[in-house]
Amino acid sequence: MSEKKYLAFDFGAESGRAILGILKDDKLELQEIHRFANRQVKMHGHIYWDILALFDEIKKGMSIAAGKGHTVLDGIGVDTWGVDFGLIARNDVMLGNPYAYRDCRTDGMMEKAFQVMPESEIYKYSGIQFMQLNTIFQLYSMVDTNNPLLDNCETLLFIPDLFNFMMTGKKVTEYSIASTSQLIDAKTKEWSREIFAQLSLPVDIMAPIVKPGTVVGPLLQEICEDTGLEPADVIAPACHDTASAVASVPASGKNWAFLSSGTWSLMGIESPEPIINDVSLKNNFTNEGGVNGMIRFLKNIMGLWLLQSCRRVWIKEGHTIDYGELMELAKQAPAFRSLVDPDDISFLNPPDMTQAIADFCKKTDQPVPESHGQYARCVLESLAFKYRYTVENMNEMIDEPIEQVNIVGGGTKNELLNQFVANATGLPVIAGPVEATAIGNILVQAIAKKHIASLEAGREIVKNSFPLLSYSPQQQDVWNEKYQFFLKLM
C-alpha cells in the first residue's frame, strides 16, 4: 500500500489535538501536530464553549501540518464529546456560542420533562441513559424558557457537525454523535417523532443523519488558501469521541467489555441490536450509535473528572503537582480509607471538588482525605469499584458474562488505576492504545476511502502498531470485602 495520510481532530472537554495518521504496510504511525486548550467560558451565570477559538485551532493544526510538508491529505475528520450543539440561522449565520453541558440551565429539567412524557416512555424509544446534561433536556430547557435563539434557528448541529459545517458549508448530523442526544429512535436510527411531538420540541431544525464514514464534502477553498492545504475530503468518522475510541479497541471475538477512560469513563459492550428493557432502564444503561451499525451498550461514569477537578483546586492553592507525582502519592496512601460514589450528583460540577468529596465522606461517616495522595487514592479505588458494579449490571442483561476488560484512551497511562480495575472486577485487563479516539477516527476515515477493508482489519492494524499492557487481578479477598461497603454508598 502506498502511504496514506489522514488528519484527525480529537476534542475533549479540556483539550484538543490535531493528530496526523500515516498508514502504510498495515501499520499506523501517529504524529501529534498541534495540541491546544479547550476552555469553558463563564458569562452571566452560564457556561459556554468558545467555538470560534476552537475553529481557529483547527485551522492552526492544518497550517502546521502543511508547514511540515503534509499538504496532501486523504481525509480530515473531527470527533468531540457528545450532547452539546450550536444553532444556525438563515444565510448560515451562527447564533451565539454553544452552551457547555455542565451549565445549570438543565437543573430540574428532567423532572419537568417527565411530567409531560414519562421516563419509561422516553427510554422505550431512545434507549439512552438519563443524565440532566443530555441534549433532550438542554433543548427542552430552551423551549421551557422561550429562549429567543430558537425563534431564529433553522438548523441544530452537534459540535463535530458544526465544525464540519465550518469546513465544508454542509449541514448534516453524524449518527454516533446524534445518538447521544436522547432524541433518536434506537431501533429506526432516525429522529424520534414521538419524543419531539410529546415534548413539543422543534424536529424541523434537526439535520439529516448520515452514517459514520460519510464524506461530508470537500474542504472549502478559503480554508485551503488560509492553511496551505490542498483540497481534501472532510469525512465524518464516528464523530462521538467514545464511538471513535471503541472503533480502535484491539479486541476480537466476544465476551469483552470496553472502558474508554478519560475525563468521563464509558464502559460497555458492542451489540448488534439495542438492549431496551425494564432491567436496562433500572440500571440506567444507554444504547449509543457505533460503527458498522453496531450499538454501544454502555454506562456513562463520572471518570477522572473528579481527580482533574481536585488538581485544579490544588493548583489554585499554589500546589502544582503533576499526575506522575500524584500517582506515587496515591500508591503510598492507605488503601480503602475513604470511598465515594463517583456518580453522585454532588460531583457533577462543584465549585470545589475536594470539598465535595470531603462532604460526601462526612455524610457517610468516613474519614475525610487529609492529603493529595489520599484524595487521589479515594477517587481511583472508587472508580474501580464503580467499574465492577457496572460489569455486574451488564452481566444481568447479556447472554454470556464478560471475561475481559479492554481499557483505551488517556486513562490507560494511569497504571495504578488499570491495576485497580483488574483487582476490583477480578478480570484480566488489557490497556491501550492511549490515543484510541484519534486512532478510531483515522481508521473510519481510511475505511471510508477504502484504504482499509473493514473495521476488523483496522483493529488488527492497531494490534500491530501500538503497545498494549496486561494486568491480572490481585488481592481478591480484600477487594471483594471492601466492595460490599462500597455498595452501601450508592
**Request:** Would you please indicate if the ring centroids of Phe114 and Phe130 are separated by under 6.0 Å?
**Result:** yes

**Asked** Would you call Arg459 and Glu270 a salt bridge, using N to O less than 4.0 angstrom?
**Response** yes

**Item:** Asp151 CG: over 12 foreign heavy atoms closer than 6.0 Å
**Value:** yes

**Prompt:** Salt-bridged, Lys171 to Asp92, with N to O below 4.0 Å?
**Reply:** yes

**Residues, nucleotides or ligands: over 12 heavy atoms within 6.0 Å of Phe486 CZ** = yes

**Message:** Ring centroids only, cut at 6.0 angstrom: are Phe385 and Trp479 within range, meaning strictly under it?
**Reply:** yes

**Asked** Is there side-chain contact between Ile205 and Pro202, with heavy atoms separated by less than 4.5 Å?
**Response** yes

**Request:** Give, for atom OG1 of Thr155 and atom CD1 of Ile88, the distance between the pair rounded to the nearest 0.5 Å.
**Result:** 7.0 Å

**Message:** Once rounded to the nearest 0.5 Å, what's the spacing between atom OH of Tyr125 and atom CD of Gln198?
**Reply:** 6.5 Å

**Message:** Using side-chain heavy atoms (C-beta onward) and a distance below 4.5 Å, is Leu326 in contact with Leu307?
**Reply:** yes

**Asked** Can you check whether Phe347 and Phe360 have ring centres sitting under 6.0 Å from each other?
**Response** yes

**Prompt:** Are Thr173 and Met206 close enough that some pair of their side-chain heavy atoms sits under 4.5 Å apart?
**Reply:** no

**Item:** Heavy atoms of other groups near Lys413 NZ, more than 12 under 6.0 Å
**Value:** no

**Message:** For Ile276 versus Ala186, what's the shortest heavy-atom pair and its separation?
**Reply:** CD1-CB, 3.9 Å

**Asked** Would you call the rings of His46 and Tyr99 parallel, tilted or perpendicular if under 30° counts as parallel and over 60° as perpendicular?
**Response** perpendicular

**Message:** Tell me if the CD atom of Glu119 is crowded by more than 12 foreign heavy atoms within 6.0 Å.
**Reply:** yes

**Complete:** So OG1 of Thr135 and OH of Tyr101: to nearest 0.5 Å the spacing works out to 12.5 Å

**Request:** Specify the closest pair of heavy atoms between Asn480 and Arg388, including all atoms of both residues, with the distance to one decimal.
**Result:** OD1-NH1, 2.7 Å

**Asked** Which value, rounded to the nearest 0.5 Å, describes the distance between Ile195 atom CD1 and Ile136 atom CD1?
**Response** 5.0 Å

**Asked** Within a radius of less than 6.0 Å around CZ of Arg39, do more than 12 heavy atoms belonging to other residues, nucleotides or ligands occur?
**Response** no

**Prompt:** Considering all heavy atoms of both residues, which atom of Ala438 and which atom of Ala8 are nearest to each other, and what is their separation?
**Reply:** O-CB, 4.0 Å

**Prompt:** Any chance NZ of Lys211 has more than 12 other-residue heavy atoms, nucleotides or ligands included, within less than 6.0 Å?
**Reply:** no

**Asked** Centre of Tyr323's six-membered ring, under 6.0 Å away, within 45 degrees of the axis: is that where NZ or CZ of Arg311 sits?
**Response** yes

**Asked** Closest approach of Ala178 and Phe158, non-hydrogen atoms and distance?
**Response** CA-CE1, 4.0 Å

**Asked** Which atoms form the tightest heavy-atom contact between Val462 and Ser248, and what is the distance?
**Response** CG1-O, 3.6 Å

**Asked** Roughly how far, to the nearest 0.5 Å, is the CG atom of Leu298 from the CD1 atom of Ile269?
**Response** 9.5 Å

**Request:** Kindly indicate whether the side chain of Glu190, heavy atoms from C-beta on, has any atom under 4.5 Å from the side chain of Ile184.
**Result:** no

**Which atom of Ala245 lies closest to which atom of Ser260, heavy atoms considered** = CB-OG, 3.9 Å

**Prompt:** Does the ring centre of Phe163 sit less than 6.0 Å away from the ring centre of Phe11?
**Reply:** yes

